[in-house]
Colleague: 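My questions all concern the structure below.
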Number of protein chains: 2
Amino acid sequence: MQKNTPRREYGLSRERIIDEAIALLDISGESGLTFRSLAGRLDTGAGAIYWHVANKNDLMVAACDAVLARALVVPVADNAPQDAIRALALALFDAIDERPWLGEVLTRMPLQSPMLRILEPLGQQVRAMGVAEPQQFAVASALLNYILGVSVQNAANAQIGRQLGGDRAVLLGAVADAWTALDAAAYPFTRSIAGQLREHDDRADYLAGINLILRGIAP
Amino acid sequence: MQKNTPRREYGLSRERIIDEAIALLDISGESGLTFRSLAGRLDTGAGAIYWHVANKNDLMVAACDAVLARALVVPVADNAPQDAIRALALALFDAIDERPWLGEVLTRMPLQSPMLRILEPLGQQVRAMGVAEPQQFAVASALLNYILGVSVQNAANAQIGRQLGGDRAVLLGAVADAWTALDAAAYPFTRSIAGQLREHDDRADYLAGINLILRGIAP
DNA sequence: ACCTGAACACCGTTCAAGT
DNA sequence: ACCTGAACACCGTTCAAGT
């Protein structure tokens, strides 16, 4: 007969907290993750979480890190470095497409652990491309910055898409209509590409940008 | 003898609200702008602000828009389009360097008014470079995404820099030290460029990235 | 038409008290 | 060592009531 029957099937742990946090983020985005809602899912009090996690920022970083660790297991193989970079970039694109909160949070993060999960493999391939040592940092961070920029934009669009009811085509259509209604003298370019916006493919344009940079590195 | 002496020298107006909001953001960042602190500066009640502004998001968008309108008055002249793009990109870099909250907020913004202040002139120059019509959207947004990515990263660094006491060299040194302490097997690249991080010039690397993309557009 | 300020429904975080 | 849950010091937003 046990004396110390645990109150729950599994005791509270950092891992369980992070997993439930990710689940909550997936369900209702960043605003849906609160210590109260999280405590509810974990069947405990809000304060208990602080025993395993320093604060909300710590929790967000850990959640990003856990998700990225799983998402970025790309078979690097021994293809051309350019192909490896493309594969890596697309893996991140898809991960953020699936979890918009990831894009939103990544951008607020400094060059800490989760960011290094992207920078490191990117840099290894930049080196493999034969970029000279002194330029390796600038080139790798140019790639990282482009990737982050798209992530952000993607996450923001997904956010609005959700507010508008979810249909991506409806969202793009609405933006394109707004662009068409702009003042012709002040916004000639934006007006002229409203049509391209309506038909464009996020993922393809993203890859086109990557290729632009790759061509700039090794013309 | 006036019957309606205004209670304040200037009545509340959208412009005055936005100006004070910007002042508050400059002083203490995004977390420093609250309806209560803003009402205090405007010598009114928190609820009064809602007569002129829909909500906090509306206020943030308006603040970004006002700041960008002033910051992006770049003499486009009739130089080479590449030069105009570089000038524009640097103007934005400096604006965000001066006001880190701008970078933070811009990233959450969809393709609305403030973003178009950047996309439009960028696109005009892309067109001037002779990029074919069907690719103009992809090319212009590649530039925009890169610029946003850097902004974000810059804003995040500034944020941490402020927490650490302000000295940029100290911050970079701390990050570089952390990189050097990483596991050699898992992070060979990051370790090897820790030195470059310590000495690098944000603005120069940013420009290097722009040049990479420009070279990719027109080799 | 515009402003007031109390009230509402939340937050993250802390901490004495329990087991 | 770990958990509880009330309490603290905030938020954005609303709204009856005033002028």
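What you are looking at is a predicted structure, and each value in this text was computed from that prediction instead of being measured. A note on names: the letters A, B, ... follow the listed sequences, proteins ahead of strands, and every chain is numbered from 1.
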Colleague: In whole Å, what is the span from the CG atom of A:Leu12 to the P atom of D:dG5?
Modeller: 13 Å
Colleague: Where is the tightest heavy-atom contact between B:Arg191 and B:Thr180, given as atom of each residue plus distance?
Modeller: NH1-O, 2.9 Å
Colleague: Identify each donor-acceptor pair in which a side-chain atom of residues 140-151 of chain B lies under 3.5 Å from a protein atom, sequence neighbours left out, and give them as a table.
Modeller:
from, atom 1, to, atom 2, distance (Å)
B:Ser141, OG, B:Phe137, O, 2.8
B:Ser141, OG, B:Ala138, O, 3.4
B:Asn145, ND2, B:Ser141, O, 3.0
B:Tyr146, OH, B:Tyr206, O, 3.1
B:Ser151, OG, B:Ile147, O, 2.7

Colleague: Tell me which nucleotide, if any, is Watson-Crick or G-U wobble paired with D:dG5 when both distances must be under 3.5 Å.
Modeller: C:dC15
Colleague: Counting only side-chain heavy atoms from C-beta out, which of D:dG12, C:dC3, C:dT13 sits nearest to B:His52?
Modeller: C:dC3
Colleague: Return whichever of B:Lys56 or B:Ala48 has its heavy-atom-nearest nucleotide of DNA chain D closer to the 5' end.
Modeller: B:Lys56
Colleague: Is the phosphate of D:dC2 approached by A:Trp51 (side-chain N or O, under 4.0 Å from OP1 or OP2)?
Modeller: yes
Colleague: With sugar-phosphate meaning primed atoms plus P, OP1 and OP2, does A:Leu33 contact a base, only sugar-phosphate, or nothing at under 4.0 Å between heavy atoms?
Modeller: sugar-phosphate
Colleague: For A:Ile49 and C:dT14, what is the distance between atoms CD1 and P respectively, to the nearest whole Å?
Modeller: 13 Å
Colleague: Just how far, in rounded Å, is C1' of C:dC11 from CD of A:Glu30?
Modeller: 13 Å
Colleague: How many whole angstroms separate atom CG of B:Leu59 from atom P of D:dG12?
Modeller: 10 Å
Colleague: D:dA16 C1' sits how many Å from B:Tyr50 OH, rounded?
Modeller: 17 Å
Colleague: Looking only at the side chain of B:Asn55 (C-beta and beyond, no hydrogens), which of the listed nucleotides D:dG12, D:dT13, C:dT13 gets closest?
Modeller: D:dT13
Colleague: Quickly, which of B:Asp58, B:Asp19, B:Asp65 forms a salt bridge (charged side-chain N to carboxylate O under 4.0 Å, His left out) with B:Arg14? Name it, please.
Modeller: B:Asp58
Colleague: In sequence, state the C-alpha distance, the side-chain angles, and the governing distance for B:Leu92 and B:Leu88, and then conclude on side-chain contact (heavy atoms from CB on, under 4.5 Å).
Modeller: CA-CA 6 Å; B:Leu92 190 64; B:Leu88 192 67; over 6 Å; no
Colleague: Separation of B:Arg36 atom CZ from D:dG12 atom C1', in whole Å?
Modeller: 7 Å
Colleague: Could you state the atom-to-atom distance from CE of B:Met60 to P of D:dG12 in whole Å?
Modeller: 10 Å
